[in-house]
Number of protein chains: 2
Amino acid sequence: MGTTKETIKKAAINLFYKKSYFATAMSNIALDSNIRKASIYHHYASKEDILFDILMTTMSALDAYIDNCLKGVENIENRMRAAVRAHVKFHCDNQKEVLISDTELRGLTAKNYKAFVALRDAYEKKFQDMIARGIDQGYFAAGDVKVISYAILTMCTAVANWFKPDGRLSGDQISTIYEELVVTRLLKESLPIHSLKTPVVRE
Amino acid sequence: MGTTKETIKKAAINLFYKKSYFATAMSNIALDSNIRKASIYHHYASKEDILFDILMTTMSALDAYIDNCLKGVENIENRMRAAVRAHVKFHCDNQKEVLISDTELRGLTAKNYKAFVALRDAYEKKFQDMIARGIDQGYFAAGDVKVISYAILTMCTAVANWFKPDGRLSGDQISTIYEELVVTRLLKESLPIHSLKTPVVRE
DNA sequence: TGTATCCTACCGTCCGGTAGGTAGAACATA
DNA sequence: TATGTTCTACCTACCGGACGGTAGGATACA
C-alpha cells in the first residue's frame, strides 16, 4: 500500500493521465485516495506541487535509468543501442507519468517550469552528444545533429502514446525493434533502391 | 479579418495551445475575440463544440492536403516521399492546431471522440498501406508494418513540438530532411558499420 | 416588420484553498 | 506509574471567486 503521500501521488498520476491536470479536481484525488480533500494539504502545498513532484521524480528516474544502462558500455554504437533501448523501455514501463511530463507542463509556474526543462534539456543533450560523436567517428551517417536527435527522441518518446501493456508486443520487444530501427537504419546510410532483391557483394 | 465565427475560432486555437483546453475559460475567448461571452453561444453551442470544430477541420484539412500532394504520384517510393513531406509541412504550417489535436482529445464526449478518431485512423491507414506495399514490392526493408508506421508518423507529427517559425530551419527545409531520413534511411536496409569511411563498390 | 447579432445581468455549481479542531502516539517530567 | 506537552495525521465546515451556460432585451440591417 505504501504511505499516504504515495497513495495521493498514484491517484493523481492516474487522474492527470485520464482527465488531464486542469480537469482533475483536488476532490477527485481525495476520493481516489480514500482521504478528505483538506488532508492532501498536509502532504502537498498545492495542486501544482503534486504535478511538480510527479514531473521531477519521473524525469530524474529516467535520467538515472539511462545512466545506469550506459554504465561500462564503451563503443559509441553500443552506447546508442543501450540508450534507445532504455529510453523506449522506460516509456513503456512508466507510460502515464511520461505522458503527463509531455503534455502538462503548462500547469507549472515559471520557476518550476524552468527547473523541469533544465533537467529535460540535460537529458536530451546526452543523446545529441552521442549522435555527434558517432558521426565524427564515422559510425553514423552525416546529417543535421539537432534534427536527427529530435527525430530519434520524439519517435522513441511517442511509444508511450500507442503502447498497450496487454497488446501484441511487450515493452522489451518494442525496445528491440526500435533499437534496430534507430541504430542500424536511421543513423546509417542506406543501400540503393531494389538492392534488397539482389544481394550485393561487398569488398 | 473574416467572420466573427472565424475570429472566435482563431482566438480559441491560440488559447487552447497556450493554456490548454480546460484551463481556458469562455471569458478568455470572448476577451480575445472582442466580443461578450454570451455572444459566443450564438455561433457555438458549447465550449466543447469549439474544440470539436477545431479538431475536425484540422484533421480534414490534413487528409485533403496529403491526398492532393499524392495525386498523380505513382511509384511507391515517390508516394512515400510526397506523403512524409506533406505531413511534416502541414505540421509546421498548422502547428497550434495539430498540437491541440494531439493533446486535447480528452475534452471530447464519447460521440465526438469516436468521430474524430475515425478520421485519424483512416488517415494513418493510408501510411500503413503505403509501407506494406513498399515492403511487398521490395522497395522498403522488411519489418513490423504497424510499428514502423507508428515510428514514422509519431516522429513526423512531433515536428510540431519543436518547430519554431522563426528558427534556423524553415518548414520546407525540415520537410526535406525528414523525407530523406524516412525514405532513404528508416525504410531501407543499412550498410555495415564503417562502410562510410571506405566507399563500397557495388556490382 | 423580421431576423441575425450582440448585449447586460444573472444562475447554480464547483473550484482551490483555509480555519480550526480532534484522536492518538511519543516523550519528558516527577 | 501517572500527568502534562508536543507532534503527526487527519477531519468537518467553510470561504471568495471563477466557471459554463442562460434569459431576455437592445441594436442594426433587410
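The sequence lines fix the lettering, A, B, ..., with proteins before strands; numbering per chain opens at 1. In this text, all values refer to a predicted model and were calculated from it rather than measured experimentally. Only this structure's heavy atoms are used, side chains among them; waters, hydrogens and symmetry mates stay out.
- Residues that satisfy the side-chain contact (heavy atoms from CB on, under 4.5 Å) test with A:Arg120, not counting sequence neighbours, are A:Met59, A:Leu105, A:Phe116, A:Val117, A:Glu124.
- Comment: A:Asp32 does not engage A:Lys18 in a salt bridge, judged by the lack of any side-chain N to carboxylate O separation of less than 4.0 angstrom.
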For nucleotides 27-30 of chain D, which of its nitrogen or oxygen atoms have a protein nitrogen or oxygen under 3.5 Å away, and what is each distance?
none

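- Rounded to whole Å, the distance from CZ on B:Arg36 to C1' on D:dG21 is 17 Å.
- Here A:Ser39 reaches the OP1 or OP2 of D:dC11: one of its side-chain N or O atoms lies under 4.0 Å away.
- Within the 4.0 Å cut-off from OP1 or OP2 of C:dC6, at least one side-chain nitrogen or oxygen of B:His43 is found.
- Listed by chain and number, the residues in a side chain to side chain donor-acceptor pair (under 3.5 Å) with A:Asp102 amount to none (sequence neighbours excluded).
- Between C:dT5 and B:His42, a contact under 4.0 Å exists linking OP1 or OP2 to a side-chain N or O.
- For residues 53-89 of chain B, the ring pair (Phe, Tyr, Trp, His ring centres under 6.0 Å) pairs, not counting sequence neighbours, are B:Tyr65-B:Phe90, B:His87-B:His91, B:His87-B:Tyr123, B:His87-B:Phe127.
- By the side chain to side chain donor-acceptor pair (under 3.5 Å) test, B:Ser60 pairs with no residue at all, sequence neighbours left out.
- If you measure from atom CD1 of A:Ile29 to atom C1' of C:dC15, you get 12 Å, rounded to the nearest angstrom.
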Restricting both atoms to N or O, compile the protein contacts to nucleotides 16-19 of chain C shorter than 3.5 Å, with distance only.
unit_1: C:dG16; atom_1: OP1; unit_2: A:Thr24; atom_2: O; d: 3.2
unit_1: C:dG16; atom_1: OP1; unit_2: A:Lys47; atom_2: NZ; d: 3.1
unit_1: C:dG16; atom_1: OP2; unit_2: A:Met26; atom_2: N; d: 2.8
unit_1: C:dG16; atom_1: N7; unit_2: A:Lys37; atom_2: NZ; d: 3.0
unit_1: C:dG17; atom_1: OP2; unit_2: A:Tyr41; atom_2: OH; d: 3.0
unit_1: C:dG17; atom_1: OP2; unit_2: A:Lys47; atom_2: N; d: 3.0
unit_1: C:dG17; atom_1: N7; unit_2: A:Lys37; atom_2: NZ; d: 3.2
unit_1: C:dG17; atom_1: O6; unit_2: A:Lys37; atom_2: NZ; d: 2.6

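- B:Asn14 places no side-chain N or O within donor-acceptor distance of the main-chain N or O of B:Ala11, the cut-off being under 3.5 Å.
- For B:Lys37, there are no side chain to side chain donor-acceptor pair (under 3.5 Å) partners two or more places apart in sequence or in a different chain.
- Between the C1' atom of C:dC7 and the CG atom of B:Asn34 lies a distance of 15 Å, rounded to the nearest Å.
- Taking atom CD1 of residue B:Ile35 and atom P of nucleotide C:dT8, one finds them 11 Å apart after rounding to whole Å.
- D:dC10 atom C1' lies 17 Å from atom OH of A:Tyr44, rounded to whole Å.
- Residue pairs meeting the ring pair (Phe, Tyr, Trp, His ring centres under 6.0 Å) criterion with at least one member in residues 42-61 of chain A, sequence neighbours excluded, do not occur.
- Counting only residues at least two apart or on different chains, the ring pair (Phe, Tyr, Trp, His ring centres under 6.0 Å) pairs with a member in residues 161-181 of chain B are A:Tyr150-B:Trp162.
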